[in-house]
Protein chains: 2
Amino acid sequence: MEARHLRYALALAEHGHFGRAARALGIAQPPLSKQIADLERETGARLFDRTRQGVLPTAAGEAFLARARRALAEMAAATVDAGRAARGETGRLRLGFVASALLDPLPDVLGRFGRERPDVRLELHEMASGRSTAALVAGDLDVAVTLGPPRGAGAEHLVSVPIGHDHLIAVVGSAHPYAGQASVSVAQLRRQPLVVAAGEDEPAVAAGLRTLFGEDSAALDGATAARDVHTIIGLAACGVGVGLGPSRMLSVPRPGVRFCGVTPRTALPDLVLSFADRDRSPALGAFLDTVRGNCPDVGAALDLRLARG
Amino acid sequence: MEARHLRYALALAEHGHFGRAARALGIAQPPLSKQIADLERETGARLFDRTRQGVLPTAAGEAFLARARRALAEMAAATVDAGRAARGETGRLRLGFVASALLDPLPDVLGRFGRERPDVRLELHEMASGRSTAALVAGDLDVAVTLGPPRGAGAEHLVSVPIGHDHLIAVVGSAHPYAGQASVSVAQLRRQPLVVAAGEDEPAVAAGLRTLFGEDSAALDGATAARDVHTIIGLAACGVGVGLGPSRMLSVPRPGVRFCGVTPRTALPDLVLSFADRDRSPALGAFLDTVRGNCPDVGAALDLRLARG
DNA sequence: CCCCTTCATACCCACAAAGTATCGCTACCC
DNA sequence: GGGTAGCGATACTTTGTGGGTATGAAGGGG
């Protein structure tokens, strides 16, 4: 049985007349008669009663037509759905990101994307940079925001573009002696208990800290390790110590803490957006479009990377 | 787009390989490639990624395949449903009947039919014989049980067969003087208030009563008119009068009343089953089969009538 | 009673689906 | 690194069938 048979049967039922149904279908009457006859032979049931007053579906015909309508509706929807999926209007986007990205670029981008593509299901997974990279390579994520460019096995097949610069700043409780200082020096930091990001989770940040303190990491050995920036800020607010973290902490207005610069100024790894260029899903394409629209400079860098690859 | 395209796309997705999918479909590989290419051109979206590791559906392909599966399932169900409807296993049967038929032949037949054809929706309409006949002719009923053969416009196109004989009996309250008599005479009836079926609703019964009482219908003029047998029995039980009705009243064991014969014995019109022979629905055919199985003599008469027509 | 309407049948043609042969590409493997 | 095997795409041929035209059969209406 072919879709043609369904279309013909529906037209015949609608017009109640072989001749008129055939004209509506753009074919002659005899082919329509033959197709309907073939259909009735295949189903093994008479589907239409040919009376003088017109052609009426039998009970079997009514049952058949109800299914036929649904079948054709599904077929039409198949094309529509495929188109929407291909344009990235539906589908899902699995995004892995480091917690600090949630402070600055992600709220804008995700808000915009949610408005532009309301039917794309966003799956957000906060995770350390290394896990994001591995998940991208394994195909468990579509796109990731990491600290520093992706490293490790398979990372060479990923496309990545920086989406934010960063440097180290300090955060202290309002009552802390350093509160109110524009910046604190390394010497000052050495005299205080520190709160920093856990080294094994974010080696790139750990590297920045080592750059700041030099090879003498005694100050870092005694530091309290926190899993993410929110914890660092929270611990600093409690007076546990001087928190050290990325400058994008500044975008979290939080009572009870003060931020100060750190001298010398110490660059941290860029926030980097990356994805697997092979089997790029339409939803990912739409997401990249949104990123382009949100920050034109990132878009330009992206185009450059894609053109090179 | 034809069903073939859906079948091919599903086979390709299942096997992940043009050659193997084509073999499973019983065609060569190039035609499959062409049909898939045609489908992708028609939907305007790439549906499959051809990689070395195999052929995998894209996001658009997944969306398409989900719809395709449902469409093909509907098409398969269309054939199945049509067959079931044609065999009278599904559908509906609209039955009109006089109330007295509910006493004797209908409970058996309907019970059996409900067990044999659980998926046929029974629509039962208690109505007077004349209305049943008109509804049959108008196509608003599939089958009817009436008192006497159908009369009136269009009745000649109906097929009918008697399914039960009947004669007049009397019903009185347990305390009534006649209670306990095996039968009552016309003379006895003339001395009592009577309860009879309303004449205009069932003219055939009224004719039987006139036969019993002769042309002197004075006794009937004063009688209480009831719409159905249940009302006659109920009124007799209350002592309103002597009820006169069909002998099938005997099959309703009811406390508080006694039944007696009437002399002379007066035949009532037969219970008659009738239906329109033209556009006989499969459900009606199944119903007639049930009737045949339930009462072989009625079945034989039915076959005779249908063979003649 | 003839004619008109309507669907079915007979026959033909043309197109497209399927078959055959071959090419291009990639990955793999000696 | 070149030969080779596997896979999908392309080119061309064949064939089945969907559709067109002509006509027949049957029933109803003027």
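Side chains are part of it too, since the values below use all heavy atoms of this structure and drop only hydrogens, waters and symmetry mates. So you know, we letter chains A, B, ... as the sequences are listed, proteins then strands, and number each from 1.
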Atom-to-atom span, CZ of A/F18 to P of C/dC7 - whole angstrom:
6 Å

Per-nucleotide protein contact string for nucleotides 9-21 of chain C (B base, S sugar-phosphate only, - none; heavy atom under 4.0 Å):
B-------SBBBB

Integer-rounded Å distance: D/dG18 P and A/L39 CG
12 Å

Measure from CD1 on B/I36 to P on D/dT10 and round the result to the nearest Å.
14 Å

Short N-O contact, B/D289 and B/R292, less than 4.0 angstrom
yes

I need the CZ-C1' distance between A/R20 and C/dT6, as an integer number of Å.
10 Å

Spatial distance of atom CG (B/L72) from atom CE (A/M75) [nearest 0.5 Å]:
8.0 Å

Tell me if a side-chain donor or acceptor on B/E40 pairs with a main-chain N or O of B/L47 at a distance below 3.5 Å.
yes

Rounding to a whole Å, what distance do you find between A/L25:CG and D/dG20:C1'?
15 Å

When every nucleotide of nucleotides 24-30 of chain D is labelled 5' to 3' by its protein contacts under 4.0 Å (heavy atoms), B for base, S for sugar-phosphate only, - for none, what sequence of letters results?
---SS--

Would you say CZ of A/R131 has more than 12 non-hydrogen atoms from neighbouring residues, nucleotides or ligands within 6.0 angstrom?
no

Divergence of helical axes at both termini of the helix from C/dC1-D/dG30 to C/dC30-D/dG1 - five pairs an end, 10° steps:
10°

Using a strict threshold of under 4.0 Å (side-chain N to carboxylate O), is an ion pair present between B/E2 and A/R7?
yes

Enumerate donor-acceptor pairs with a distance under 3.5 Å from any side-chain N or O in residues 145-153 of chain B to protein atoms, sequence neighbours excluded.
from: B/T146; atom 1: OG1; to: B/G148; atom 2: O; distance (Å): 2.8

Is the backbone of A/R92 close enough, under 3.5 Å, to the side chain of A/R94 for a donor and an acceptor to pair up by distance?
no

Can you measure from CG (A/L95) to CE (A/M127) and round to the nearest 0.5 angstrom?
9.0 Å

note: A/L12, atom CG; C/dT6, atom P; distance rounded to Å ~ 13 Å

Any donor and acceptor pair, going by atom type alone, linking the side chain of B/H15 with main-chain N or O of B/A11 inside 3.5 Å?
yes

Any side-chain heavy atom of B/R280 within less than 4.5 Å of one from B/L306?
yes

In Å, rounded to the nearest 0.5 Å, how long is the span from CG of A/L288 to CZ of A/F275?
4.5 Å

Separation of A/E42 atom CD from D/dG18 atom P, in whole Å?
11 Å

By ring pair (Phe, Tyr, Trp, His ring centres under 6.0 Å), A/Y8 pairs with (sequence neighbours left out) none

side-chain N/O B/H17 vs D/dG8 OP1/OP2, d < 4.0 Å
yes

Between D/dT17 (C1') and A/R41 (CZ): distance, integer Å:
12 Å

Quick one: do B/F287 and B/V120 satisfy side chain to side chain contact (heavy atoms under 4.5 Å, CB included)? Show the steps, please.
CA-CA 10 Å; B/F287 183 73; B/V120 174; over 6 Å; no

Rounded to the nearest 0.5 Å, what separates atom CZ in A/R4 from atom CD1 in A/I27?
9.0 Å

With the threshold set at under 4.0 Å for non-hydrogen atoms, list the residues of residues 57-64 of chain A touching DNA chain C in residue-number order.
none

